[in-house]
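Just below is one structure, and these are the notes that go with it.
These values consider heavy atoms only, across backbone and side chains, with no hydrogens, waters or symmetry-generated copies. Just so you know, ligand 1 is whichever comes first in the structure, and atom 1 is the first atom listed for that ligand.
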Amino acid sequence: MEERKKKRIAILGSTGSIGTQTLDVVRRHPDRYEVYAICAHRSVDLLIEQARAFHPEVVCIADESLYSTLRDALQDMPVKVWSGADAIAQMVTMPSIDVVVAAMVGYAGLRPTIEAIKAGKTIALANKETLVVAGEIICRLALEHHTPILPVDSEHSAIFQSLVGEDKNEIEKILLTASGGPFRTFTLDQMRSVTASDALKHPNWDMGAKITIDSASMMNKGFEVIEAKWLFGVPVEKIQVLVHPQSIVHSAVQFTDGAIKAQLGAPDMRLPIQYALSFPERLAADFPRADLFSLGSLTFEKPDLERFPNLRLAYEAMQRGGNMPCVLNAANEVVNLAFRQGRCGFLQMSDIISTTMAKADFIGKPTYEDYVATDAVARQIAEELI
Ligand code: MN
């Protein structure tokens, strides 16, 4: 029998939605993958459970106040227990690690992803905020260090899959699909009074709270336009968002001869996660199948920028460039949390992001330090506007 070296995986954000589904994929292919390191923000109980089930070499908790809880709970196991942002940044560079699944939420994922790229680790990228904030730096470093970045986001995985075998063939257009979220058919008046629990009822995808709110406000799709620009080197003018409520066509690429290639499937994140880990192979899996007969029809509509101004703000941030997408992200992280806590209305979120973009200082060619400073200032501006 052929001896295959197992891929050793580090998961940043192992207790979140992508993290737990990554562990499910690993559990299905114990001959292929091995969990080397797991890391969570503050879900310490689940992290302990995962450590006992997967026996990683390193377990790390970002919130340092939970370090002793984690250490005490795992003291009978031969495992390194670390905590804090510096430890996470160091963890991803460990020589034994082959793949880093970057599935932390928000801006916090930027630094460890940069460290992992510099260390030449293959990146399975779920943290889109990383590319929104600092796509230019990430792409430059990935080129410099010959680090592959494989998309985990379902739309970008679909685009990536559609590009297999196309080598240098030019992309005319990317067709980025969006479910439209729970408020797709709502009037502006109805949207004014929606609550966080209304927004957390996503029609098709089961995701974490932050991204589910971003989905409802379509900021998630705005971020994905920016993410696609960086991953596939296509200007945002050539990225068209299509509202496709069935979430079966996960996105498509149109080539210069008019051919459109798409990837379809049931909405289940385990498929793009597994593909990012197994590429260029496909591994057999019994994930749910899309039954086209029972679906009957697939529909597509133009997004409404009046009701979903976040999409317009994302294009605007990208067109202005520099640190503007970083401002967009920081303001969004603030209002997203405020909305979940009931401190900010649904439509107010876009107003605050827009005003923050107008107030923040523009930096045309930001360094990493500029991004860190921009993030802090934009958060402060947005917080004061609530
Ligand atoms: Mn997505």
Side-chain angles (χ1 to χ4, degrees), residues 13 16-22 25 101-106 109 113 123-133 135 149-163 174-184 199-232 234 236 239-253 262-277 287-288 290 298 300 303 308 310-311 314-315 318 325 328-329 332-333 336:
S17 173
I18 296 293
T20 52
Q21 294 183 80
T22 303
V25 169
V101 178
M104 289 168 87
V105 177
T113 304
I123 311 289
L125 187 72
N127 176 269
K128 64 192 85 189
E129 290 91 340
T130 294
L131 283 175
V132 171
V133 170
I149 299 181
L150 302 168
V152 166
D153 209 346
S154 61
E155 295 78 1
H156 304 76
S157 177
I159 295 161
F160 182 66
Q161 292 178 56
S162 301
L163 289 170
I174 283 178
L175 305 169
L176 189 73
T177 52
S179 71
F183 308 137
R184 179 176 59 92
L200 287 169
K201 292 178 199 125
H202 195 278
N204 303 339
W205 294 98
D206 180 14
M207 307 175 288
K210 196 259 177 184
I211 187 174
T212 304
I213 301 300
D214 284 346
S215 260
S217 71
M218 288 199 82
M219 183 54 93
N220 181 56
K221 209 48 58 179
F223 284 172
E224 289 183 355
V225 170
I226 299 174
E227 185 185 9
K229 181 233 139 76
W230 291 117
L231 284 173
F232 306 110
V234 172
V236 291
I239 303 171
Q240 168 74 59
V241 172
L242 297 86
V243 175
H244 167 48
Q246 298 83 19
S247 295
I248 295 297
V249 176
H250 296 312
S251 278
V253 178
Q263 184 257 333
L264 286 71
D268 188 319
M269 284 310 295
R270 291 172 301 176
L271 196 157
I273 292 168
Q274 177 174 294
Y275 191 72
L277 296 178
F287 305 142
L298 300 175
F300 302 91
F308 297 99
N310 281 351
L311 203 47
Y315 276 97
M318 201 58 230
L328 174 87
N329 177 69
N332 182 63
E333 286 194 23
N336 180 305

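Side-chain atoms of Glu333 do not come within 3.5 Å of backbone N or O of Asn329 as any donor-acceptor pair. The backbone N or O of Met218 lies less than 3.5 Å from no partner atom in the side chain of Asn310, so there is not a single donor-acceptor pair. Put simply, the side chain of Thr177 gets close to the backbone of His250: a donor and an acceptor are under 3.5 Å apart.
For Glu129, the salt bridge (charged side-chain N to carboxylate O under 4.0 Å, His left out) criterion is met by Lys210, not counting sequence neighbours.
Using a 30° and 60° split on the angle between ring planes, His244 and Phe300 fall in the parallel class, below 30°.
Inside a sphere of radius 2.8 Å centred on the Mn ion (ligand 1), the protein N/O/S atoms present are Asp153 OD1, Glu155 OE1, Glu224 OE2.
Just one of Glu227, Lys128, Gln161 meets the side chain to side chain donor-acceptor pair (under 3.5 Å) condition when paired with His156; it is Glu227.
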